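We name chains A, B, ... by the order of the sequence lines, and we start the count at 1 in each one. Nothing here was measured: the structure is a model prediction, and the numbers come from that model.
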There are 2 protein chains.
Amino acid sequence: MTLAETRQLPARILNDFERSHPQPLVLVLNLLRVGSLLDKEITDYLSRYDLTGPQVGVLRILGHYYEHGRDGMPLSEIGECLAVTKANMTGMVDRLERDGLVVRESDPTDRRIKRVRLTPKAHELHGRIKPGLLQYLTELMAVLEASEKEQLLDSLGKLRRVLGDAAVSEPDGCDLGVVAQ
Amino acid sequence: MTLAETRQLPARILNDFERSHPQPLVLVLNLLRVGSLLDKEITDYLSRYDLTGPQVGVLRILGHYYEHGRDGMPLSEIGECLAVTKANMTGMVDRLERDGLVVRESDPTDRRIKRVRLTPKAHELHGRIKPGLLQYLTELMAVLEASEKEQLLDSLGKLRRVLGDAAVSEPDGCDLGVVAQ
DNA sequence: ACCTTTTAATAAACACGTTGACTATTAAGA
DNA sequence: TCTTAATAGTCAACGTGTTTATTAAAAGGT
């Protein structure tokens, strides 16, 4: 029974349905569920490259900034892009460094900062992964009509704003075009 | 710049934008971001009760089934409802049991099964949490118009189906009305 | 009846996320 | 200048998720 269909039910039944499954709760549970399913799907796809979703996120950020002439990025700054704490970045960079995909370099102008830089291996790997992953995601999203995708993006933008996403509405910031305001 | 606005740009600029930020990728990143922000938001709200989102998920499932006369649920079955592995359920139930919110009981008819049951403390706690949490989520979702919520639910349902969510379209199954097909 | 396959739960090892505490360094203000 | 506050990174402890392997019990086929 879709929510739309409940609209056509007698008031008594609608009330019963609404009482046990209020629409906002249903909405939130669906958002969380799609997020986790999408995460699993991407993790699964990337397992053939021995990479995880968050790891590719880091490669994507660093790759994008590299293409814009900024080589080497502080851990905290990467964390802001990914909406993740700097403590978490320490572990992420540890594992990427262990796998030879990034290096930590000291910043000569500020000795607190460690700049993370992609290795040649990572540049090659990311370039090899990107097209296929994009193709894969495009196929997944193809279940939605063009107008539906526009609307979805718009709604998600509103939710990001109400949820206080710092990366929303940064013109050419770390958000990489994810902004849907 | 919204996706809609890019529609009105000269083809050359649109191509540049599309090349670095293809819409399907933007869509996926937004879905993942909203999922994680929502998760943090709920975690934060529930911290005052010393509970986590997934823990309340278990209470919600067990509470719902209890109200329908089914007291005690196998670990695996809870896992199916939450789209989570049974290995994960072991740890979840461990912590809930440690906190005195559930008990494991042996099933007399099938000695492989442990049935998880809510304690009185959990019933009381869940009843106390539910209204406020629902109110909170309702306020969050209030940024969306009614028609927008309907459309969002519809799109999320399509995504859940293409992502192979087992709980989709189970009439009165463990999905608790989350189905938006 | 016996053997094989499936199923339920657990455990170990790992990735990822949090908070809170800590060190080192830089920035700011009296 | 000297004290104080803010910032970058790390670490420890924890919760949640995965996969893989193991044990025990149930189910099925010959």
Along DNA chain C (nearest heavy atom to each residue), the more 5'-positioned of Gly91(A) and Pro108(A):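 Looking at DNA chain C, the more 5' nearest nucleotide goes with Gly91(A).
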Whole Å only: how far is the [atom1] atom of [X] from the [atom2] atom of [N]?
X: Asp39(B); N: dT19(C); atom1: CG; atom2: P; answer: 12 Å
X: Glu41(B); N: dG17(C); atom1: CD; atom2: P; answer: 18 Å
X: Asp50(A); N: dC14(C); atom1: CG; atom2: C1'; answer: 13 Å
X: Glu80(A); N: dT7(D); atom1: CD; atom2: P; answer: 11 Å
X: Met92(A); N: dC14(C); atom1: CE; atom2: P; answer: 17 Å
X: Ile78(B); N: dA9(C); atom1: CD1; atom2: C1'; answer: 12 Å
X: Leu51(A); N: dA15(C); atom1: CG; atom2: C1'; answer: 13 Å
X: Asp107(A); N: dA24(C); atom1: CG; atom2: C1'; answer: 15 Å

Sugar-phosphate, base or nothing in reach of Thr85(A), heavy atoms under 4.0 Å: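 Base contact.
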Separation of Arg33(A) CZ from Leu38(A) CG (nearest 0.5 Å):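 Interatomic distance, Leu38(A) CG to Arg33(A) CZ, rounded to 0.5 Å: 13.5 Å.
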Closest listed nucleotide, where the reference is the side chain of Asp110(B) and the choices are dC16(C), dT16(D), dA26(D):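 Nearest listed nucleotide: dA26(D).
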Minimum-distance nucleotide to Lys40(A) side chain [options: dG17(D), dC16(C), dA27(C)]: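 Comparing dG17(D), dC16(C), dA27(C) against the side chain of Lys40(A), the answer is dG17(D).
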Any Arg111(A) side-chain N or O less than 4.0 Å from OP1/OP2 of dT26(C):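 Affirmative; the distance criterion is met.
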Phosphate OP1/OP2 of dG15(D): any Thr43(B) side-chain N/O under 4.0 Å: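 No, Thr43(B) has no side-chain N/O under 4.0 Å of OP1/OP2 on dG15(D).
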Parallel, tilted or perpendicular: ring planes of His123(B) versus Tyr66(B), cut at 30 and 60 degrees: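 The rings of His123(B) and Tyr66(B) sit tilted, inter-plane angle from 30° to 60°.
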Check against side-chain hydrogen bond (donor to acceptor under 3.5 Å, both in side chains), Glu80(A) and Ser76(A): CA-CA 6 Å; Glu80(A) 282 171 32; Ser76(A) 302; over 6 Å; no
For nucleotides 10-14 of chain D, print each protein N/O atom paired with a nucleotide N/O atom at under 3.5 Å, atom names and distance only.
from: dT10(D); atom 1: OP1; to: Arg104(A); atom 2: NE; distance (Å): 2.9
from: dT10(D); atom 1: OP1; to: Arg104(A); atom 2: NH2; distance (Å): 3.4
from: dT10(D); atom 1: OP2; to: Thr90(A); atom 2: OG1; distance (Å): 3.1
from: dT10(D); atom 1: OP2; to: Arg104(A); atom 2: NH2; distance (Å): 3.3

Student check: side-chain heavy atoms of Leu25(A) and Leu133(B) closer than 4.5 Å: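 They are not in side-chain contact.
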Side chain to side chain, Pro74(B) and Lys114(B), heavy atoms closer than 4.5 Å: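 Not in contact.
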For Leu101(B), the option from Val58(B), Val93(B), Leu51(B), Leu118(B) that meets side-chain contact (heavy atoms from CB on, under 4.5 Å):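 Checked Val58(B), Val93(B), Leu51(B), Leu118(B) against Leu101(B); only one passes side-chain contact (heavy atoms from CB on, under 4.5 Å): Leu51(B).
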Pairs touching residues 90-99 of chain A that satisfy side chain to side chain donor-acceptor pair (under 3.5 Å), sequence neighbours left out: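 Output for this query lists Asp94(A)-Arg104(A), Glu97(A)-Arg104(A).
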